Student: 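Here's a structure for you.
In what follows, chains are A, B, ... by sequence order, proteins preceding strands, each numbered from 1. For clarity, every value in this text was computed on a predicted model and none was experimentally measured.
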Amino acid sequence: MQLDYLKDLNEKQSEAVQLQNESALILAGAGSGKTKVLTSRISWLIHNQIVSPNGILAVTFTNKAANEMLSRISTQLGMNPRGMWVGTFHGLCNRFLRLHYKETNLPQTFQILDSSDQLSAIKRLCKILQIDPDKITPKEIQYHINGSKENGMRAKDVKTYDAHTQKINEIYLEYEKQCQREGVADFGELLLRSYELLISNETLRTHYQNRFNYILVDEFQDTSELQYRWLKLLTGKNNIIFAVGDDDQSIYAFRGANVGNMQSLQHDFNIEKVIKLEQNYRSKNNILSAANEIIKNNEKRLGKDLWTASGDGDLIKVFRALSDSDEAQYILDEIKMWHRKGKLYQNIAILYRSNAQSRILEHSMVSNNIPYRVYGGLRFFERAEVKHALAYLRLIANKQDDNAFLRIVNFPKRGIGNRSLETLQDISKINNTSLWEAAKSSYKTPTSEKGISYFIDLIRKIEDEIQGLTLAESMDVVINFSGLKNHYMNDKDGQDRVSNLEELVSAATTFSENFNGEDKNLELTEFLNYTSLESGELQAKANQDALQLMTIHSAKGLEFDIVFITGLEEGLCPHEQCLIEADGLEEERRLMYVAVTRARENLYLTYAQSRLMYGQTQYNLSSRFLDEIPENLIKKINVIENPQIKQFNQPKQVTQSFSHSEYPYKIGSQVLHKKFGNGVVLSYEGSSNDLRVQVQFANAGTKWLALEFAKLEKL
DNA sequence: AGGCTCGTCATTTTT
DNA sequence: TGACGAGCCT
């Protein structure tokens, strides 16, 4: 019997879906139907009773991808398969640790620290350890801790070769103790602890190895060292791993992703044949060819070439703008044109390398009343007012949670100053107890609605009040009794925050509806986990038709009819920071590849000759990635219309209409620039009031500078 | 306790 | 340029 979900698969996809008894690496190019293959395979395994849902473990990187996978599988199978483990690495590890909290020595209600919670925990620790934040920054410590955990190392495993790192590592050791005492786990801890438990507990390891016979991994190129080791451990000798990924789309090395895992997988699991999905169902041929040509310049590749059965489509438009505002204006005009033709805004995206670039684009959209949505930025559960409200529940769930305690003890204000907090911290340090215990030990019946003792009464009162209430009702009690709602209602621009608090109550309602379980305490714990693990993209409503603005990184996995890639300038994209890093340029090129392959129909590449950065005008050369696209795929805009501007990307010539005596600095002479340092004058271009000079700097590369602005000194 | 000013520092980010 | 945090002043 031919199944519906197998019908639409091409030959390669079909081969991948129906692989028998062997581990596999699927090299899935952009737009090649990666998710389809992954979900179809799971449906195929279940439908043919090769394995029961219980035996399947599927891992993704984002909650969004996990949800997408689940919903597609239920559509394909016509039912909701129960018993599978599908989720993010962190979500699955959290689930595992909850089930085995005793074996791993955590309280059943342990709380999860997100990055900002982690940072405040570190800052708090530094204060106690009297670390000078000028010598060792909390960020630096956080980086060390997370990096070490990513590599599977506890403080005791880290080898240090200098006093500075030594000191940081000592703080890491103290941090581990602090987290253990407080019963909290950061993101890295979820993974590391799960891994360690599987290693040390043979019974558990054997149990899970016997259970999960089929392990599937999405976005495999983004796995870290520790994640790969965890997968390997679960797979053991007898299970089958099915990894889908694209080395050309590996853009997260900076946060621990290790593309090398793809080679390791082939080696460790004796994979002889890598299946390549190279047919692209997304983009027109011109766009795809450009992408192929760009990525060809990378040397470290497994190698693949995308092709499409769809037509060439329009040429890629390359626009050279005079300035960043000129660039924004051009994009605006084009978008208006498309919209007049009936294109929805939501099918158009503007991509940029760094967030700072969104400002001027946003400005241009606002002043022209074009609806837009900027991705990235604060998520719902990361908002201060939401975190405050949740901290009340966290403290109630776990009195050891000093982070939560400190967040709310004086918020809203209850006249508790630094002095009283320092006293409290001293007591807790001496007795080695939580702040809550310390506060209790010095409790005196409060005489007003102020002070630490009043705070204790307040928490107890809320605790009493929520007995027997639903989660949403409890949330409501917290918001009102704590004084949070009142506080924001009296704040003249607190309206949004009040509605976010109300939104939080609805979030709790929705959570309860989907929660199947009896235990009320467990429901609260799981809700709190949910708020830490799920950043709250779902809470973002905005279904209005809007233009999409985002960084290239956050565009990964998405697709749009029309895509503008902006700021294609040397120093910005590729970013100058990356040029110093090992393999930095190749990663930047993959970034460019990801950006280009987001487009279905039309692709615009824009760059500006001058750009305002950090309050200074910078003159950048066009990105080398533009030069990597063959001329026949490109239509250059703004070259003919403006005769003053020379041929695109041609080496700039000295303008002949000026005699050499008019140049303030002789060609070949040495000059000094305030920021770029020493340089040699190479050439000039432009007319007398817009005369520009090309200077090759010893340490800053070659740049075009406008004489009017550039403060050069003769040497 | 809260507001203000000054100084510093500017990729990319999910969990 | 502008956002954010530390520290100082009221």
Student: Can His575(A) be called stacked on dT11(B) when the rule is centres closer than 5.5 Å and an angle between planes below 30°?
Tutor: yes

Student: Nearest whole Å is fine: how far is dT14(B) P from Gln221(A) CD?
Tutor: 15 Å

Student: Closest approach to the side chain of Tyr252(A), judged atom by atom: which nucleotide of dT13(B), dA1(B), dG2(C) is it?
Tutor: dT13(B)

Student: Looking only at side-chain N and O atoms, does Asn63(A) come under 4.0 Å of OP1 or OP2 in dT14(B)?
Tutor: no

Student: With a 6.0 Å cut-off on ring centres, are Phe405(A) and Phe455(A) close enough?
Tutor: yes

Student: Atom CD of Gln118(A) to atom C1' of dT14(B): distance rounded to whole Å?
Tutor: 13 Å

Student: Contact class for Ser115(A) vs. all strands (heavy atom < 4.0 Å): base, sugar-phosphate, or nothing?
Tutor: base

Student: If we take the C1' atom in both dT14(B) and dA3(C), what is their distance in whole Å?
Tutor: 24 Å

Student: Taking the inter-plane angle between the rings of Phe511(A) and Tyr530(A) on a 0 to 90° scale, is it parallel (under 30°), tilted (30 to 60°) or perpendicular (over 60°)?
Tutor: tilted

Student: How is Gln227(A) classified with respect to the nucleic acid when contacts are heavy atoms under 4.0 Å: base, sugar-phosphate, or nothing?
Tutor: nothing

Student: Check the distance between dT13(B)'s P and Glu219(A)'s CD and give it to me in whole angstrom.
Tutor: 15 Å

Student: Using a 4.0 Å heavy-atom cut-off, does Gly415(A) contact any base of the nucleic acid, only the sugar-phosphate backbone, or nothing at all?
Tutor: sugar-phosphate

Student: Distance to the ring centre below 6.0 angstrom and angle to the axis at most 45 degrees; does that hold for Arg373(A) and Tyr375(A)?
Tutor: yes

Student: Is the shortest side-chain N/O distance from Thr551(A) to OP1 or OP2 of dT13(B) below 4.0 Å?
Tutor: yes

Student: In this structure, how many angstroms lie between the C1' atom of dT1(C) and the CG atom of Leu612(A), rounded?
Tutor: 7 Å

Student: Run the ring-centre check on Phe96(A) versus Tyr208(A) and record whether the distance is less than 6.0 Å.
Tutor: yes

Student: Should Asp222(A) and Arg255(A) count as an ion pair when the cut-off is N to O under 4.0 Å?
Tutor: no

Student: Nearest of dT12(B), dG2(C), dT15(B) to any side-chain atom of Arg353(A)?
Tutor: dT12(B)

Student: Among dT14(B), dT12(B), dT11(B), which nucleotide sits nearest the side chain of Cys578(A)?
Tutor: dT11(B)

Student: Could you give the distance separating dT12(B) and dG5(C) at their C1' atoms, to the nearest angstrom?
Tutor: 23 Å

Student: Go nucleotide by nucleotide along DNA chain B from the 5' end; which of Arg414(A) and His553(A) gets its closest nucleotide reached first?
Tutor: Arg414(A)

Student: Contact class for Asn410(A) vs. all strands (heavy atom < 4.0 Å): base, sugar-phosphate, or nothing?
Tutor: sugar-phosphate

Student: Quick one: Gln616(A) CD to dA10(B) P, roughly how many Å, whole number?
Tutor: 16 Å

Student: Strictly below 4.0 Å: does Asn146(A) bring a side-chain N or O up to OP1 or OP2 of dT15(B)?
Tutor: no

Student: Taking 5.5 Å and 30° as the limits, would you call Phe254(A) and the base of dT12(B) a stacked pair?
Tutor: yes

Student: Within the structure shown, what part of the strands sits under 4.0 Å from Asp186(A) by heavy-atom distance: base, sugar-phosphate, or nothing?
Tutor: nothing

Student: May I ask you to verify if any side-chain N or O of Arg379(A) is less than 4.0 angstrom from the OP1 or OP2 atom of dT14(B)?
Tutor: yes

Student: Base, sugar-phosphate, or nothing for Ile416(A), non-hydrogen atoms under 4.0 angstrom?
Tutor: sugar-phosphate

Student: Report the distance from atom CZ of Arg255(A) to atom P of dT12(B), rounded to the nearest whole Å.
Tutor: 13 Å

Student: Taking syn as any angle within 90 degrees of 0 and anti as the rest, which one fits dT11(B)?
Tutor: syn

Student: Atom CD of Glu576(A) and atom C1' of dT11(B): how far apart are they, to the nearest Å?
Tutor: 10 Å

Student: Quick one: is dT11(B) close enough that its OP1 or OP2 comes under 4.0 Å of any side-chain N or O from Tyr614(A)?
Tutor: yes

Student: Using atom CE of Met592(A) as one end and atom C1' of dT11(B) as the other, report the distance to the nearest whole Å.
Tutor: 17 Å

Student: Suppose we call two aromatic rings close when their centres sit under 6.0 Å apart. Are His553(A) and Phe254(A) close by that rule?
Tutor: yes

Student: Within 45 degrees of the axis of the six-membered ring of Phe110(A) and under 6.0 Å from its centre: does Arg98(A) put its NZ or CZ there?
Tutor: yes

